[in-house]
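One structure is given here, and the rest of the page talks about it.
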Amino acid sequence: MVTTEPNVELQERFAGLLFGTAVGDALGLPAENLSADQIRRRWKGQWKMRFFFGRGMVSDDTEHTLMVAQALLSHPEDAMAFQRTLAWNFRWWLVGLPGGVGLATARACLKLWIGFPPGKSGVHSAGSGPPMRSAILGAYFADEPQRRREFVLASSRLTHQGWQAETAALAVAESVALTMLNHGHPDSSEIVATLLRLSPEEEWQVLLNAIEISLKAQHSVSEFACNLGLKKAVSGYSMHVVPVALYAWLRHPGDFRTALISVLECGGDTDTTGAILGALSGVSGSKRSIPSEWLNALWEWPRSRSLVERIAARLAEQKSSGRARRPVHYFWPGLILRNLFFFAIVLVHGFRRLLPPY
């Protein structure tokens with residue numbers, strides 16, 4: 001039944017997903033590309049925001065998720081129109097001098113600028129760009145499996161071509177959808193069974209079986225990562241990032257803090273594993289499940305916390321009413337100044353890594 005008022009639970013889960021993505025991204029960003037051993041040597045005590053004097057800023061993981069959400073507010077019923085809008089979002093995002101750009105995404109954006117249509121802009125890559133932005137599609141289309149698949153693939157193929165990236169993106173979306181339908185309570189056996197059907201590829205089947213075996217054995221997240229050959233760090237390969245994030249989420253259901261810390265301590269692509277885990281845990285427990293000291297330490301402009309709240313509210317309103325809304329406007333020219341500042345801080349972190357402890 002279509003209503004005119006936004007569903008409160010829906011809005012809370014959208015907000016939890018978006019803020020969870022941002023918190024996981026920001027918390028993991030300073031540790032990106034460090035090994036598990038390097039992280040242990042460099043930082044002692046509790047995990048906290050460390051990007052800039054106790055504050056956290058987000059990277060492309062959160063930016064892409066928000067661009068997908070905004071494109072969804074323009075075209076919630078037509079996957080191809082959604083893809084065209086998202087393509088323009090990516091074009092202008094690149095012009096804004098983002099501080100972090102994956103190679104495959106950068107190449108795809110350049111192809112878009114020189115005239116390739118959105119359906120032909122993706123490059124052959126098994127990177128984790130598509131899964132890091134697919135969670136919001138799983139939440140929005142939780143009750144529409146066919147449309148969910150169409151939109152996830154439209155988003156994925158805009159930048160990446162390859163079964164690994166597509167399967168990983170679908171896995172995140174399907175996991176979120178099942179959790180939404182179960183009112184925030186993930187059923188690990190149902191989720192693993194559903195994900196096994198996403199691809200017949202042997203590599204994917206082996207990974208899902210490994211998740212199932214480790215869950216039964218109650219292995220820690222670091223033990224699971226070691227079983228996949230990721231003892232030192234989790235690479236940016238989608239078949240590494242997504243299984244580790246999924247396992248941490250299923251291993252620690254309902255515990256945002258423990259799940260996120262467990263995946264960040266594995267090292268490697270920490271901002272992306274953190275963002276995906278944050279989305280999964282955030283949609284499970286809503287915004288209130290996110291530790292307040294992490295959430296309050298997010299330091300962003302013009303993509304502020306207020307903007308995220310408004311996007312979540314408008315998505316819920318749109319879903320409840322069945323009528324397309326417009327994207328939430330903000331002062332987008334400010335992104336250039338923000339990104340220049342972000343890049344300067346990234347350089348400081350880079351120089352800091354040249355000093356002990358190594």
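As the structure is a prediction and not an experimental result, all values here were calculated from the model.
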Practice prompt. Show your reasoning for whether side-chain contact (heavy atoms from CB on, under 4.5 Å) applies to Gln46 and Glu293.
Written response: CA-CA 11 Å; Gln46 299 293 318; Glu293 69 270 23; over 6 Å; no

Item to complete: In sequence, state the C-alpha distance, the side-chain angles, and the governing distance for His160 and Thr105, and then conclude on side-chain contact (heavy atoms from CB on, under 4.5 Å).
Response: CA-CA 7 Å; His160 292 62; Thr105 301; 3.7 Å; yes

Item to complete: Take Ser304 and Ser306 through the test side chain to side chain donor-acceptor pair (under 3.5 Å) and record every step on the way to the result.
Response: CA-CA 5 Å; Ser304 62; Ser306 173; 4.6 Å; no

Practice prompt. Give the intermediate values and the outcome of side chain to side chain donor-acceptor pair (under 3.5 Å) for residues His240 and Ser235.
Written response: CA-CA 6 Å; His240 290 164; Ser235 76; 2.6 Å; yes

Worksheet entry | Step-by-step side-chain contact (heavy atoms from CB on, under 4.5 Å) determination, Asp25 to Asp60 | CA-CA 9 Å; Asp25 180 10; Asp60 56 336; 5.7 Å; no

Practice prompt. Let me see the working for Val346 and Phe51 under side-chain contact (heavy atoms from CB on, under 4.5 Å), right down to the final yes or no.
Written response: CA-CA 8 Å; Val346 168; Phe51 188 72; 4.0 Å; yes

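Counting heavy atoms from C-beta outward, Ser175 and Leu280 have side chains that approach closer than 4.5 Å. Trp163 is listed as a side-chain neighbour of Met239, based on a closest heavy-atom distance under 4.5 Å. Side-chain contact check for Val221 versus Cys266: some heavy-atom pair is nearer than 4.5 Å. Taking 4.5 Å as the limit, every side-chain heavy atom of Leu34 sits out of range of all side-chain heavy atoms of Thr270. A 4.5 Å side-chain heavy-atom check between Met49 and Arg55 finds every atom pair outside the cut-off. Annotation: side chain of Ser121 is in contact with side chain of Leu158 (closest heavy-atom distance under 4.5 Å).
From Thr21, atom OG1 reaches atom CG of Leu66 across 8.0 Å, with rounding to the nearest 0.5 Å. In this structure, CG in Leu153 is found 10.5 Å from CG in Leu137, a value given to the nearest 0.5 Å. The distance from atom CH2 of Trp92 to atom CG of Leu112, rounded to the nearest 0.5 Å, is 12.5 Å. Rounding to the nearest 0.5 Å gives a distance of 8.0 Å between OG1 of Thr62 and CG of Leu298. With rounding to the nearest 0.5 Å, the separation of NE2 in His183 from OG1 in Thr179 is 12.0 Å. Atoms NZ and CD1, on Lys44 and Ile39 in that order, are 12.0 Å from each other to the nearest 0.5 Å.
Using modelled atom types, no side-chain atom of Gln70 and backbone atom of Thr65 make a donor-acceptor pair closer than 3.5 Å. Between the Ser286 side chain and the Arg288 main chain, no donor and acceptor come within less than 3.5 Å of each other. Arg91 places no side-chain N or O within 3.5 Å of a backbone atom of Cys109 that could act as its donor or acceptor partner. The backbone N or O of Leu264 lies less than 3.5 Å from no partner atom in the side chain of Trp47, so there is not a single donor-acceptor pair. At least one donor-acceptor pair closer than 3.5 Å links the side chain of Ser262 to the backbone N or O of Ala259. No donor-acceptor distance shorter than 3.5 angstrom exists from the side chain of Arg148 to the backbone of Gly138, with no hydrogens or angles considered. For Gln205 (side chain) and Ser199 (main-chain N/O), a donor-acceptor pair under 3.5 Å exists by modelled atom type. Checked by atom type and distance alone, the side chain of Tyr247 never pairs as donor or acceptor with a backbone atom of Ala210 at under 3.5 Å. No donor-acceptor pair under 3.5 Å is formed between the side chain of His64 and the backbone N or O of Met132. Remark: the backbone N or O of Ala313 is not paired with any side-chain donor or acceptor of Arg310 at under 3.5 angstrom.
No cation-pi contact links Arg305 to Trp299, judged by a cut-off of 6.0 Å to the six-membered ring centre and 45° from its axis. For the pair Arg338 and Phe342, the cation-pi test (distance below 6.0 Å, angle within 45°) is passed.
Considering all non-hydrogen atoms of both residues, Ser238 and Pro131 come closest at CB-CG, 4.5 Å. The two residues Arg251 and Gln218 come nearest to each other via the heavy atoms NH2-O, 3.3 Å. Nearest heavy-atom pair across Leu246 and Ala171 is CD1-CB, 4.5 Å. In terms of heavy atoms, Phe256 sits closest to Ile290 at CE1-CG1, 3.8 Å. Nearest heavy atom pair, residue Ser320 against residue Leu10, reads OG-CD2, 4.3 Å. Annotation for Lys319 and Phe141: closest pair NZ-CA, 4.4 Å, computed over non-hydrogen atoms.
Follow the hydrophobic side-chain contacts under 4.5 Å out from Val263 and you reach Phe224 in the same cluster. Linking ILVMFWY side-chain heavy atoms closer than 4.5 Å, directly or via other members, places Ile345 and Val58 in two distinct hydrophobic clusters. Using a 4.5 Å cut-off between side-chain heavy atoms of Ile, Leu, Val, Met, Phe, Trp and Tyr, with links allowed through other members, Leu18 and Met180 fall into the same hydrophobic cluster. Cluster annotation: Phe52 and Leu295 are assigned to distinct hydrophobic clusters (Ile/Leu/Val/Met/Phe/Trp/Tyr, side-chain heavy-atom contacts under 4.5 Å, transitive). Neither Trp294 nor Leu29 shares a network with the other; the hydrophobic side chains, linked directly or stepwise wherever heavy atoms of I, L, V, M, F, W or Y lie under 4.5 Å apart, form separate groups for each.
Salt-bridge annotation for Glu63 and Arg303: present, with a side-chain N of the basic residue lying under 4.0 Å from a carboxylate O of the acidic one. One finds no salt bridge joining Glu265 and Arg40 here, because no Lys/Arg side-chain nitrogen approaches an Asp/Glu carboxylate oxygen to under 4.0 Å. Using a 4.0 Å cut-off between charged nitrogen and carboxylate oxygen, Arg149 and Glu174 do not count as a salt-bridge pair. A salt bridge is defined here as a Lys NZ or Arg NE, NH1 or NH2 lying under 4.0 Å from an Asp or Glu carboxylate O, and Asp37 with Arg42 fails to meet this definition.
Legend: side chain to side chain donor-acceptor pair (under 3.5 Å) pairs involving residues 72-82, not counting sequence neighbours, sorted by first then second residue: His75-Thr85.
Checked against the 6.0 Å centroid criterion, the rings of Phe151 and Tyr140 do not qualify as a close aromatic pair.
In Phe343, the CZ atom is not crowded: 12 or fewer heavy atoms of neighbouring residues, nucleotides or ligands sit closer than 6.0 Å. Enclosure of atom CZ in Arg352 by more than 12 non-hydrogen atoms of other residues, nucleotides or ligands within 6.0 angstrom is indicated. In Trp332, the CH2 atom is not crowded: 12 or fewer heavy atoms of neighbouring residues, nucleotides or ligands sit closer than 6.0 Å. Taking a 6.0 Å sphere around NE2 of His329, one finds it holds more than 12 heavy atoms contributed by other residues, nucleotides or ligands.
Between Trp113 and Trp88, the two ring planes are perpendicular [angle over 60°; tilted spans 30° to 60°].
Other members of the cluster containing Leu97 are Ile336, Leu340, with ILVMFWY side chains joined at under 4.5 Å, either directly or via other members.
Take Glu166 and apply the salt bridge (charged side-chain N to carboxylate O under 4.0 Å, His left out) test, not counting sequence neighbours, and it matches Arg157.
For the side-chain hydrogen bond (donor to acceptor under 3.5 Å, both in side chains) criterion with Thr159, the lone passing option out of Lys111, Arg133, Arg107 is Arg133.
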